[in-house]
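These numbers come from a predicted model, not from an experiment.
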Amino acid sequence: WGRIIGQMLKPTKIDSVLLESNLLPLYIYLERDCAVAAEKARRLPADDPLCKMANMQHLHTGCKVKSWQESTDRTLSGMGLSVHAGARTPADHRGEGYIDISNRDTRGIIPVFAPWDVHWMDKVRFHPYLESAGEGTEEEIMARKFRITTDAIARWANADVQVWTDGSVQGEDQIGAGAAIVYVPNAAEQRYTFSAGTLCYSYRAEARAVLGALTRMGDAYDDCKKMVVFTDSQSLLTALNKGALNQESEDVRLIFQAIRRKVENKRGATIDFQFVYAHCGIERNEAVDALANEAVQEMMEGRGVQTPYPMSLPSIRARITKKLKAEWYMKMKTENEDRIQEGKLEVPRYAICESDTIKLTAFPEVSYRDQVFARRLRTGECYQIGKFRSRLGKPGHCRWCVVLGETPETVIHLFDECMDPGVIQLRRLPEGGVITRKALRNDLPAAIKFARECLKLLPPEVEGRQE
């Protein structure tokens with residue numbers, strides 16, 4: 001599958017194929033999906049048979065075969081996650097960075113509002129869209145976003161209460177926080193911050209900010225008839241706009257419960273939720289964004305109160321994937337470097353172009369033919385340049401070097417080491433500097449142009465097989 005995606009040649013090393021296709025080894029998918037399945041079972045009702053089975057730490061006492069619970073627990077522990085409440089921390093994971101995930105969100109038992117019990121919804125309106133900012137330079141787009149957002153805010157100038165919310169997630173452990181600022185005419189503004197827990201993500205932090213604002217305000221401002229809540233989370237407003245009967249997460253359910261309490265207590269008051277563009281110079285949006293970032297920083301430094309928050313399954317899945325991928329990169333790099341030093345392995349793909357993959361969609365001007373050419377250059381297996389030519393019965397030495405037969409022809413040699421005057425001239429960039437193999441990652445069009453111009457320096461009869 002990886003060879004099909006990347007259009008790479010059969011002799012290409014499997015590690016290079018996976019890196020270039022942005023895939024992972026099968027064992028990583030297996031370990032991740034098994035661990036996620038166990039965590040999903042633990043989020044079912046306590047009397048569910050799957051939940052009981054997933055929470056059994058020692059299924060086969062005295063049996064040499066490891067149970068699937070132990071295997072999944074070992075995977076999660078290796079990610080720095082404590083599975084069972086009160087469980088002892090393994091010796092190799094003691095100290096900071098070990099996260100307790102026993103406080104889980106619920107799945108499959110989210111209560112739904114009855115269809116005849118949503119009469120209050122006619123007093124709640126969601127506005128998740130604004131006019132598009134169009135195309136242009138960054139300054140032009142920001143100016144249009146500022147104008148569009150300013151016009152949207154002006155429509156709510158007569159609101160009795162304005163609530164601005166925002167969320168923030170930072171750090172290796174994805175510590176999240178929400179913030180809200182309440183503005184009332186002729187009164188001092190009220191500022192609130194809320195912890196969103198660890199292994200958080202942007203959507204949850206934004207939801208926590210809205211929920212916290214509606215809850216913290218309590219019965220305040222009972223005399224107001226019109227309240228508007230501003231947020232820059234379009235995904236959250238889109239989910240809320242589906243209505244109270246189409247809940248998709250615990251966060252949305254709790255927000256609707258808070259909305260219901262707020263509307264019923266105010267006897268006829270309305271609540272509007274308005275989307276605004278972020279980071280375009282709107283003063284109140286920038287103020288609440290700074291407050292959310294400050295709250296996260298305080299929690300990371302141990303000065304803020306970090307309240308427990310149920311761990312979501314998507315955040316745990318992302319954590320497992322990230323850690324397993326990092327471990328694979330490190331294992332591959334260490335093993336390959338040892339084999340290279342022993343002379344048992346040629347330079348692998350990640351040494352040509354680092355371990356990160358390139359998103360070719362970031363280079364829309366690159367044709368599909370050139371994308372395939374670039375993939376083969378980065379893996380060192382190409383019909384026209386590199387060691388693959390020797391498998392076609394072609395000479396394995398560099399065809400550009402003056403001294404033939406001494407220097408193997410590789411992508412690294414051509415981009416970084418070849419001393420042919422013509423190649424050296426092609427390496428020079430008009431704006432200054434030179435092309436190196438790093439261009440295969442940072443400046444793909446320039447790297448492809450350099451390789452093709454080098455091929456034009458060769459006589460037609462020695463150019464080799466065409467792609």
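Inter-residue side-chain proximity for Lys145 and Met142 is flagged as met; some heavy-atom pair is nearer than 4.5 Å. Taking the side chain as every heavy atom from C-beta outward, Leu76 and Glu39 approach each other to under 4.5 Å. Within the 4.5 Å cutoff, the side chain of Val276 has no heavy atoms near those of the Ile282 side chain. Residues Leu24 and Thr321 form a side-chain contact, since some pair of their non-hydrogen atoms from C-beta on lies under 4.5 Å apart. Counting only heavy atoms from C-beta outward, the side chains of Thr238 and Phe126 never approach each other to under 4.5 Å. In this structure the side chain of Ile412 reaches within 4.5 angstrom of the side chain of Glu417, judged on heavy atoms.
The backbone N or O of Gly212 sits nowhere less than 3.5 Å from a side-chain atom of Thr215 that would complete a donor-acceptor pair. Under a 3.5 Å cut-off, the side chain of Gln174 and the backbone N or O of Cys200 do form a donor-acceptor pair. Of the possible polar contacts, one joining the Arg144 side chain to the Ala133 backbone as a donor-acceptor pair under 3.5 Å is found. Arg3 places no side-chain N or O within 3.5 Å of a backbone atom of Val17 that could act as its donor or acceptor partner. Checking side-chain atoms of Gln7 against main-chain N and O of Ile4 turns up a donor-acceptor pair under 3.5 Å. Thr149 places no side-chain N or O within donor-acceptor distance of the main-chain N or O of Phe146, the cut-off being under 3.5 Å. Under a 3.5 Å cut-off, the side chain of Arg32 and the backbone N or O of Arg317 do not form any donor-acceptor pair.
Remark: Glu189 pairs with Arg191 by the side-chain hydrogen bond (donor to acceptor under 3.5 Å, both in side chains) rule, at least two apart or across chains. Ser315 meets the side-chain hydrogen bond (donor to acceptor under 3.5 Å, both in side chains) test with Ser312; sequence neighbours excluded. Under the salt bridge (charged side-chain N to carboxylate O under 4.0 Å, His left out) criterion, Asp443 pairs with no residue, sequence neighbours left out. Every residue meeting the side-chain contact (heavy atoms from CB on, under 4.5 Å) condition with Ser367, not counting sequence neighbours, appears here in chain and number order: Arg369, Asp370. By the side-chain hydrogen bond (donor to acceptor under 3.5 Å, both in side chains) test, Thr231 pairs with no residue at all, sequence neighbours left out. Remark: Lys323 pairs with Glu172 by the salt bridge (charged side-chain N to carboxylate O under 4.0 Å, His left out) rule, at least two apart or across chains. Scored by the ring pair (Phe, Tyr, Trp, His ring centres under 6.0 Å) test, Tyr203 finds no partners at all (sequence neighbours excluded). By the side-chain contact (heavy atoms from CB on, under 4.5 Å) test, Ala177 is found to be paired with Ala295, Val296, Met299, residues two or more places apart in sequence or in another chain being considered. Taking the side-chain hydrogen bond (donor to acceptor under 3.5 Å, both in side chains) definition, one finds that Gln274 meets it with Trp156, sequence neighbours left out. Not counting sequence neighbours, the partners of Lys242 by the salt bridge (charged side-chain N to carboxylate O under 4.0 Å, His left out) test are Glu248.
Closest non-hydrogen pair, Phe373 versus Ile448, comes out as CD2-CG2, 4.0 Å.
The distance between the ring centers of Phe275 and Phe273 does not fall below 6.0 angstrom.
The CG atom of Asp232 sits 8.0 Å away from atom OG of Ser202, with the distance rounded to the nearest 0.5 Å.
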List the steps, then state whether side chain to side chain contact (heavy atoms under 4.5 Å, CB included) holds for Phe194 with Leu211. CA-CA 9 Å; Phe194 321 96; Leu211 173 62; over 6 Å; no
Could you give me the CA-CA distance, side-chain angles and deciding distance for Tyr183 and Val228, then say whether side chain to side chain contact (heavy atoms under 4.5 Å, CB included) is met? CA-CA 10 Å; Tyr183 296 93; Val228 58; over 6 Å; no
Apply side chain to side chain donor-acceptor pair (under 3.5 Å) to Ser168 and Asn293, showing your working. CA-CA 6 Å; Ser168 178; Asn293 290 331; 2.7 Å; yes
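Crowding of Leu26 atom CG: a count of heavy atoms from other residues, nucleotides or ligands under 6.0 Å not exceeding 12.
The salt bridge (charged side-chain N to carboxylate O under 4.0 Å, His left out) contacts involving residues 271-290 comprise Arg125-Asp272, where partners must be two or more places apart or lie in separate chains. Each ring pair (Phe, Tyr, Trp, His ring centres under 6.0 Å) pair with one or both residues in residues 7-38, not counting sequence neighbours, would appear here, but there are none.
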